[in-house]
Number of protein chains: 2
Amino acid sequence: MNDSLMTIGQMCESYDVTPRTLRFYESKELIFPIREGQKRLFTKSDRARLKLILQGKRFGFSLEEIRQLLNLYSIGDQQTTQLTQTYELAQERLRDMEEQREELTEAIADLKEQLEWGEAVLAERGVKLAAE
Amino acid sequence: MNDSLMTIGQMCESYDVTPRTLRFYESKELIFPIREGQKRLFTKSDRARLKLILQGKRFGFSLEEIRQLLNLYSIGDQQTTQLTQTYELAQERLRDMEEQREELTEAIADLKEQLEWGEAVLAERGVKLAAE
DNA sequence: GCTGTCGTTGACGTCAACGTAAAGGTGGAA
DNA sequence: TTCCACCTTTACGTTGACGTCAACGACAGC
């Protein structure tokens, strides 16, 4: 149970991903586990990156976008320009997400309306619905 | 310009879809245009169904789910049981959508937090951001 | 020596909802 | 007649994020 070097199995445990996923991320150059013979060993850096990847996915970034962001982080740690770019990309994403949410909100409202209509019809027919 | 029978082109105009989409829906047994020789002619029924399809998509139903719902409508027009089933499926979808919205709301909040952090860092470095 | 567990590498498969390209039919206007 | 718009079919391509499979190596315990 080395703390700074983990096998693929331990990684899967810790982050709830499959081996296939980690190999896939490596093939996409999102993480860079070192090799001991054939085996992959994941470093602290890999874990940090993986965390960011999973976060990024939550935010709806594509893996390609995430790759670019990760590169910006590591390469231009003190490069203000890069951070600014990251910031701007994130802002765009935020706008997308807010837009999505609005659409969803609208759709929810519409669907609720339909449901009320359905309830009315069913009530007319004397159907008792589960009280839920 | 027959009102009750439309060509594929007219349908595309009216509902802002491509011919491919309509043929695809036919192949998936979502609509059943009649044939005049080779050509498809879309009836009032097809248009009603198409409207429901497009609505369903807005609500995030898959085409397969929509197909099932449409079958319920047409088969069991007066069958209360079917309507009840439709109602319940729609309720499930509503729950899904509300869950999605919550996740999205959370993600938005998190991302906003990150953005503020980024702003702070950039401000420290004396970067002026576009006032937006 | 055998079995089991964990790991490896390709390479092809999957899912949804169409897009796109190729190749051709049909009917009307110039 | 020739052209054009509009329609048809079949069939492969796209996108993203992996899943699944085959075939194999390395090592541990019994």
Side-chain angles (χ1 to χ4, degrees), chain A residues 1-2 5-43 46 49-70 89 93 96-97 100 103 107, chain B residues 1-2 5-43 46 49-70 93 96-97 100 103:
Chain A
M1 281 205 219
N2 191 323
L5 253 30
M6 290 173 61
T7 73
I8 201 167
Q10 295 171 326
M11 290 291 284
C12 295
E13 271 291 300
S14 302
Y15 296 93
D16 192 32
V17 292
T18 68
R20 181 70 183 89
T21 300
L22 293 175
R23 295 188 194 112
F24 181 71
Y25 287 170
E26 186 189 8
S27 81
K28 293 286 173 181
E29 306 194 296
L30 290 164
I31 51 181
F32 306 94
I34 56 178
R35 296 306 180 97
E36 191 191 65
Q38 283 278 64
K39 292 180 184 174
R40 289 167 179 80
L41 289 177
F42 296 81
T43 68
D46 292 317
R49 293 172 75 90
L50 182 55
K51 273 185 208 165
L52 287 172
I53 292 166
L54 298 177
Q55 274 252 336
K57 291 195 47 169
R58 278 198 59 222
F59 295 155
F61 289 97
S62 73
L63 290 185
E64 175 54 21
E65 285 174 316
I66 292 173
R67 198 183 60 77
Q68 290 172 24
L69 291 177
L70 284 172
L89 184 49
R93 268 277 66 210
D96 286 356
M97 288 166 73
Q100 260 187 58
E103 278 176 35
Chain B
M1 278 207 222
N2 191 325
L5 252 30
M6 289 173 60
T7 71
I8 201 168
Q10 294 171 327
M11 290 292 283
C12 295
E13 272 291 300
S14 302
Y15 297 94
D16 192 32
V17 291
T18 68
R20 181 68 182 93
T21 299
L22 292 175
R23 297 188 192 113
F24 181 71
Y25 288 169
E26 184 188 11
S27 81
K28 292 286 172 180
E29 305 195 297
L30 290 164
I31 51 183
F32 307 94
I34 57 178
R35 296 306 179 99
E36 191 190 65
Q38 282 280 63
K39 292 180 185 175
R40 290 168 178 80
L41 289 177
F42 295 81
T43 69
D46 291 318
R49 294 172 74 90
L50 182 54
K51 274 184 207 166
L52 287 172
I53 292 166
L54 297 178
Q55 273 252 338
K57 291 195 49 172
R58 278 199 60 223
F59 295 155
F61 288 98
S62 73
L63 289 185
E64 175 53 23
E65 284 174 317
I66 292 172
R67 199 182 59 78
Q68 291 173 24
L69 290 176
L70 284 173
R93 264 280 64 209
D96 286 357
M97 288 165 73
Q100 259 187 58
E103 278 177 36

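Residue numbers begin at 1 in each chain, while the letters A, B, ... track the order of the sequences.
B/Asp96 and B/Arg93 are joined by a salt bridge, as a carboxylate oxygen and a charged side-chain nitrogen come within less than 4.0 angstrom of each other. The residues B/Lys39 and B/Glu36 are annotated as not salt-bridged, no charged nitrogen and carboxylate oxygen being separated by less than 4.0 angstrom.
Rounded to an integer number of Å, the gap from CD1 of B/Ile53 to C1' of C/dC18 is 14 Å. Nucleotide C/dT5 holds its C1' atom 14 Å from the CD atom of A/Gln10, rounded to whole Å. Rounded to an integer number of Å, the gap from A/Glu26 CD to C/dT9 P is 7 Å. The distance between atom CD1 of A/Ile8 and atom C1' of D/dG25, rounded to the nearest whole Å, is 15 Å. For the pair A/Ile34 CD1 and C/dG7 C1', the computed distance is 16 Å after rounding to whole Å. Distance CZ (A/Arg67) to P (D/dG16): 13 Å, rounded to an integer number of Å. Atom pair A/Leu50:CG and D/dA17:C1' shows a separation of 15 Å (rounding to whole Å applied). Summarising the geometry, the separation between CZ on A/Arg35 and P on C/dG7 is reported as 13 Å, rounded to the nearest angstrom.
Contact annotation: the side chain of A/Arg49 approaches that of A/Phe32 to within less than 4.5 Å [non-hydrogen atoms, C-beta and beyond].
Note that CD1 of A/Ile31 is 6.0 Å distant from CE of A/Met11, once rounded to the nearest 0.5 Å.
Applying the salt bridge (Lys or Arg N to Asp or Glu O under 4.0 Å) test to residues at least two apart or on different chains, none of the pairs has a partner in residues 6-23 of chain B.
Between C/dG7 and A/Arg40, no contact under 4.0 Å exists linking OP1 or OP2 to a side-chain N or O. Within the structure, a side-chain polar atom (N or O) of A/Thr7 is placed less than 4.0 Å from OP1 or OP2 of C/dG7.
Counting only distance, with no hydrogens or angles, the side chain of B/Glu65 and the backbone of B/Ser62 share a donor-acceptor pair below 3.5 Å.
When all heavy atoms of A/Val17 and A/Cys12 are compared, the closest pair comes out as O-CB, 3.1 Å.
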Would you list the protein and nucleotides 18-22 of chain D atom pairs, both N or O, that sit under 3.5 Å from each other?
residue	atom	partner	partner atom	Å
D/dC18	OP2	A/Tyr25	OH	2.7
D/dC18	OP2	A/Lys57	NZ	2.6
D/dG19	OP2	A/Thr18	OG1	2.8
D/dG19	N7	A/Arg20	NE	3.0
D/dG19	O6	A/Arg20	NE	3.4
D/dG19	O6	A/Arg20	NH2	3.0
D/dT20	O4	A/Arg20	NE	3.0

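Nearer to the 5' terminus of DNA chain C, by closest-nucleotide assignment, is the contact made by A/Phe42 (compared with the other of B/Gln38 and A/Phe42).
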